Student: 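To start, I am sharing the structure in question, which I have written as structure tokens.
Hydrogens, waters and symmetry mates play no part in the numbers below; they use all other heavy atoms, side chains included. Since the model is a prediction, treat every value here as computed from it, not as a measurement.
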Amino acid sequence: MALDYRKCAQEIVDHIGGRENIAQAAHCATRLRLVIKDNSKVQKDYLENVDGVKGMFESNGQLQLIIGTGTVNKVYDEFLAITGMTEATKDDVKAAAAAKQPLWRRLLKPIGDVFVPILPAIVASGLMMGLVEALGKAVSSFSGTDWYAFLDMISNTAFAFLPVIVAISAARVFGGNIFLGAVIGLAMVHTNLLNGWNVGNKEAINAFFHVTDGVIPQWHLFGPILPIRLTGYQGHVIPVIIAVFLMCKIEKWLHKHVPEMLDLFVVPLVTVLSTTLLTFTIIGPIFSTLETWVLSGAEILVGNVFGAAAMGALYPWTVIMGLHHMYNVIEAGMLGSVGLNTWMPIASAANFAQFGACLAVGLKAKNNKTKVVAVPSALSAALGITEPAIFGVNLRFFKPFICAMVGGIAGSFYGALTKIGATAYGVTGIPGYLTIKQPLQYTILLAISGGIAFILTWTLWKEPETGMKKAAQKAKEEEKTDEAAYERGNVVITSSAGDINKPINGKVISYTEIPDETFASGALGEGVGIIPEGETIFAPFDGVISSVAETNHAVGITGPNDQELLIHVGVDTVMMDGDGFTTMVKEGDEVKTGQPLLVFDDEKIKAAGHPDVVVVLLTNSDDYTDFQYGERLK
């Protein structure tokens, strides 16, 4: 059956707090992306069961509803029509979401924005380094060939000139000229400066500067106050990012204040000169020292089994907060300083544990919607992309997320114990085999983290009842309660066609007293209203279900002598879009007198501001003689 795009969009709008609670809305290939003003107004349990919504998660300040390729754009069009909003782009949504984030998150976000685009270059170099090194060890004669030297040079390129790549990416993020950013990065690794990796090597210092005391020369551009050591910044990234950030600020300020006719000459010159002076005199020395301290602390932390275990537990929380890209700085620094990334096994252990927990949910769940989301998400996590597994499954059910944390702790503990390391960053899970130096130990690490998470989730997690299941269960319970109290045989409408019993206990009123002009006018036929004393509607005669409202608040029954009866629960309850209503019949079903037809939640109807009167109208009352209505007619 084709999806009703309008109904799907209307249900989404109604259960995210209405138009006034939406800050921005856009869509991508598969998802509806929303920025919500007040998340407490979002009815997540309902949204998960909306027909057309295949999954839901929150990420970076956005509520994302998975709808599917080819469908999401149609639902989005209806969404815009209902809300009166104008079409927005993903960038608009990102900007609106970013504006809602706390200050500390807004400050850290640029780090991820800088490093994510350069991952392909880092991954390519890391993979090549691992392959070249493995081939050199496997074939000893190869390590002395020109091919080995050539491939070794190519594989090291991204790391040798990492500040340049980082500078270009940072200039793009901070809104500056990327070529000026490249100049800043190149200046920091200029060939006139001692390679940053040789700062502690006296022989390298003597050879480079033609000295004998192993002391690095200095420039005194401003006298003895701010000496500049002639050393490069290979292996450093934080000083580069801060330098380019400052460069962009200077460039933008100059563009605003320098006359247009001089802009092309003055702005680049002043920007580069002022930025490089500040970089080599203040930014570089201070932040390279701080970065060295951070790297040393990180290496000590992950080198300690208990520190590594703690990070294995905390890692997925940083993914939730969108902070995990900050680890790229640490990993890049490790590769630049010691040539080995010992942080990667922790990330792999934590990510593969999310795979194990998500896979357990996918295999154990009986709800098909859960399976459809969990299994592909688990496969994605196995390849190192954990957001679908975390947001779509594990965190949503929470217990699998905790089980994955335990798996991450165990795997990270083993990784630190065996001192596993990688030759690149940005690659975890199964693709990590291409960069890891100890494949056997790495296999054991993945088995420990994923296996423990899987077993714990399988053992401890129980599939919760969905909103629909809960409603059905409630309907059954209320049906039994109401059925025990239901007074059968109470006739409320009679005519030449026969008698119609009360479909629910309660006070009977004339249809003219129903608080709705259409019902009270008799335009839909004559009958009664009932102020309900229960929450179950029963069949008032033997007949056939002729209609069931899409929102389950009303049913039509055709009875003896072609009587056409409408039972409508509440006034204007169509606006509730089915929330609080559960039907036990479908169109075409044959029913017997006293058979339960539908269950409703009277409190929800009242809370929504609608009269709860049950409308009972014989829509073709004009076809019969001796028509009477009222309680206990005989």
Student: Is the Tyr624 to Phe627 ring centre distance short of 6.0 Å?
Tutor: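 Judged by ring-centre distance (under 6.0 Å), Tyr624 and Phe627 do not meet the cut-off.
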Student: Is there a side-chain contact between Ile504 and Thr536, using heavy atoms and a 4.5 Å cut-off?
Tutor: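 Not in contact.
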Student: Stepwise, does the side-chain hydrogen bond (donor to acceptor under 3.5 Å, both in side chains) test hold for Asn620 with Glu564?
Tutor: CA-CA 6 Å; Asn620 58 342; Glu564 297 175 0; 4.5 Å; no
Student: Report yes if the side chains of Val361 and Trp458 come closer than 4.5 Å at any heavy-atom pair, otherwise no.
Tutor: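 Counting from C-beta outward, Val361 and Trp458 never come under 4.5 Å.
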Student: Please tell me if the side chains of Ile493 and Asp499 come closer than 4.5 Å, counting only heavy atoms from C-beta onward.
Tutor: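 No, side chains not in contact.
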Student: After noting the C-alpha distance and the side-chain angles of Val591 and Asp542, does the key distance pass the side-chain contact (heavy atoms from CB on, under 4.5 Å) rule?
Tutor: CA-CA 6 Å; Val591 296; Asp542 295 348; over 6 Å; no
Student: Taking the side chain from Gln628 and the backbone from Ser495, do they hold a donor-acceptor pair closer than 3.5 Å?
Tutor: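 Pair absent, no side-chain N/O of Gln628 close to backbone of Ser495.
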Student: How long is the span from the NZ atom in Lys37 to the CD1 atom in Ile16, to the nearest 0.5 Å?
Tutor: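 The NZ atom of Lys37 sits 11.0 Å away from the CD1 atom of Ile16.
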Student: Would you confirm whether Asn49, through its side chain, and Asp45, through its main-chain N or O, come within 3.5 Å as a donor-acceptor pair?
Tutor: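 Present.
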Student: How long is the gap from OG1 on Thr457 to CD on Gln354, to the nearest 0.5 Å?
Tutor: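 Thr457 OG1 to Gln354 CD: 9.0 Å, rounded to 0.5 Å.
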Student: Taking the side chain as everything from C-beta on, heavy atoms only, tell me whether Gln10 gets closer than 4.5 Å to Phe79.
Tutor: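 The answer is no; the side chains never approach within 4.5 Å.
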Student: To the nearest 0.5 Å, what is the distance between CG (Leu566) and OG1 (Thr619)?
Tutor: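 Leu566 atom CG to Thr619 atom OG1 measures 7.0 Å (nearest 0.5 Å).
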Student: Judged by atom type as modelled, is there a donor-acceptor pair below 3.5 Å linking the side chain of Ser546 to the main-chain atoms of Gly556?
Tutor: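 Side chain of Ser546 to backbone of Gly556, a donor-acceptor pair under 3.5 Å: yes, one is there.
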Student: What are the two closest non-hydrogen atoms of Val613 and Pro532, and how far apart are they?
Tutor: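 Looking at all heavy atoms of both residues, the closest pair is CA-CD, 4.3 Å.
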Student: Please enumerate all residues that pass ring-ring contact (aromatic ring centres under 6.0 Å, His included) together with His568, with sequence neighbours excluded.
Tutor: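 In terms of ring-ring contact (aromatic ring centres under 6.0 Å, His included), with neighbours along the sequence ignored, His568 is linked to Phe519, His553.
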Student: Check the orientation of Tyr629 and Tyr511. Use parallel for under 30°, tilted for 30 to 60°, and perpendicular for over 60°.
Tutor: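 Perpendicular: the ring planes of Tyr629 and Tyr511 meet at over 60°.
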Student: Do the ring centers of Phe401 and Trp461 come within less than 6.0 Å of each other?
Tutor: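 Distance test on ring centres: not under 6.0 Å, no.
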Student: Where do Leu34 and Ala25 come nearest, in terms of heavy atoms and distance?
Tutor: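 So the minimum-distance heavy-atom pair works out to CD2-CB, 3.5 Å.
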Student: Listed by chain and number, what are the ring-ring contact (aromatic ring centres under 6.0 Å, His included) partners of Phe541, not counting sequence neighbours?
Tutor: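 Counting only residues at least two positions away or on another chain, Phe541 forms no ring-ring contact (aromatic ring centres under 6.0 Å, His included).
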Student: Return each pair, listed once, that meets salt bridge (Lys or Arg N to Asp or Glu O under 4.0 Å) where at least one residue sits in residues 2-13; pairs must be two or more places apart or across chains.
Tutor: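 Of all non-adjacent pairs touching residues 2-13, those that pass salt bridge (Lys or Arg N to Asp or Glu O under 4.0 Å) are Arg6-Glu78, Lys7-Glu11.
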Student: Answer yes or no: are there more than 12 heavy-atom neighbours, outside Lys74 itself, under 6.0 Å from its atom NZ?
Tutor: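 Not more than 12 within 6.0 Å, no.
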Student: If we ignore hydrogens and angles and just use 3.5 Å, is the side chain of Asn21 paired with the main-chain N or O of Asp38 as donor and acceptor?
Tutor: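 Checked: pair present.
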Student: With a 4.5 Å cut-off on side-chain heavy atoms, are Thr582 and Asn552 touching?
Tutor: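 The answer is no; the side chains never approach within 4.5 Å.
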Student: Testing the basics here: between Pro400 and Ala357, what is the closest heavy-atom pair and its distance to 0.1 Å?
Tutor: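 Pro400 and Ala357 have their closest heavy atoms at O-CB, 3.4 Å.
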Student: Search all heavy atoms of Ser412 against all heavy atoms of Gly312 and return the closest pair with its distance.
Tutor: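 The pair with the smallest heavy-atom distance is OG-CA, 3.3 Å.
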Student: Just so I know, are the side chains of Val555 and Ser547 near enough to count as touching, which here means a heavy-atom distance under 4.5 Å?
Tutor: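 When only atoms from C-beta onward are counted, Ser547 and Val555 do not touch, as no gap falls below 4.5 Å.
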Student: Evaluate the side-chain proximity of Leu597 to Thr583: yes if any heavy-atom separation is below 4.5 Å, no if none is.
Tutor: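 A side-chain contact under 4.5 Å is absent here.
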Student: Who are the side-chain hydrogen bond (donor to acceptor under 3.5 Å, both in side chains) partners of Lys604, not counting sequence neighbours?
Tutor: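 With neighbours one apart ignored, the set is Asp579.
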Student: Does Asn561 use its side chain to pair, donor to acceptor, with the backbone of Gln563 at less than 3.5 Å?
Tutor: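 Not confirmed, Asn561 side chain does not pair with Gln563 backbone.
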Student: Nearest 0.5 angstrom please: Leu460 CG to Ile455 CD1, how far?
Tutor: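 If I round to the nearest 0.5 Å, the distance is 11.0 Å.
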Student: Is there a side-chain contact (heavy atoms from CB on, under 4.5 Å) between Ile36 and Asn39 once you walk through the steps?
Tutor: CA-CA 6 Å; Ile36 304 299; Asn39 288 329; 3.4 Å; yes
Student: Within this structure, what is the CG-CD1 distance for the pair Leu618 and Ile500, rounded to the nearest 0.5 Å?
Tutor: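 One gets 4.5 Å once the value is rounded to the nearest 0.5 Å.
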Student: With a cut-off of 6.0 Å (strictly less than), are more than 12 heavy atoms of other residues, nucleotides or ligands near CD of Glu513?
Tutor: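 Enclosed.
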Student: What are the two closest heavy atoms between Val548 and Glu587, and how far apart are they?
Tutor: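 That would be CG2-N, 3.9 Å.
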Student: Parallel, tilted or perpendicular for Phe352 and Phe355, by the 30°/60° rule?
Tutor: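 Because their plane-to-plane angle lies in the 30° to 60° range, the rings of Phe352 and Phe355 count as tilted.
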Student: Apply side-chain contact (heavy atoms from CB on, under 4.5 Å) to Ile605 and Phe581, showing your working.
Tutor: CA-CA 10 Å; Ile605 294 176; Phe581 300 91; 3.8 Å; yes
Student: Any chance the side chains of Ser496 and Asp626 put a donor and an acceptor closer than 3.5 Å?
Tutor: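 Absent: no donor and acceptor within the cut-off.
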Student: Within the side chain of Arg19, is there an N or O that forms a donor-acceptor pair under 3.5 Å with the backbone of Ile22?
Tutor: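 Flag set: sc Arg19 to bb Ile22 pair under 3.5 Å.
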Student: Mind listing the closest non-hydrogen atom pair of Pro503 and Ile530 along with its distance?
Tutor: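 The answer is CD-CD1, 3.7 Å.
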Student: With heavy-atom distances below 4.5 Å as the criterion, would you say the side chains of Leu65 and Val75 are in contact?
Tutor: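 Sidechains of Val75 and Leu65: no contact.
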Student: Checking Lys586 now: which residues fulfil side-chain hydrogen bond (donor to acceptor under 3.5 Å, both in side chains) with it, not counting sequence neighbours?
Tutor: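 If we apply the side-chain hydrogen bond (donor to acceptor under 3.5 Å, both in side chains) test to Lys586, skipping adjacent residues, the hits are Asp589.
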Student: Under the criterion side-chain contact (heavy atoms from CB on, under 4.5 Å), I'd like the reasoning laid out for Thr551 against Met576: C-alpha separation, chi angles, the key distance, then a yes or no.
Tutor: CA-CA 8 Å; Thr551 49; Met576 295 175 66; over 6 Å; no
Student: CZ of Phe538 to CD1 of Ile567: how many Å apart, nearest 0.5 Å?
Tutor: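 If I round to the nearest 0.5 Å, the distance is 11.5 Å.
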Student: Just to verify, what does Ser449 make a side-chain hydrogen bond (donor to acceptor under 3.5 Å, both in side chains) with, not counting sequence neighbours?
Tutor: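 With neighbours one apart ignored, the set is empty.
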Student: Any donor and acceptor pair, going by atom type alone, linking the side chain of Lys502 with main-chain N or O of Asn490 inside 3.5 Å?
Tutor: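 Judged by distance alone, no pair lies under 3.5 Å.
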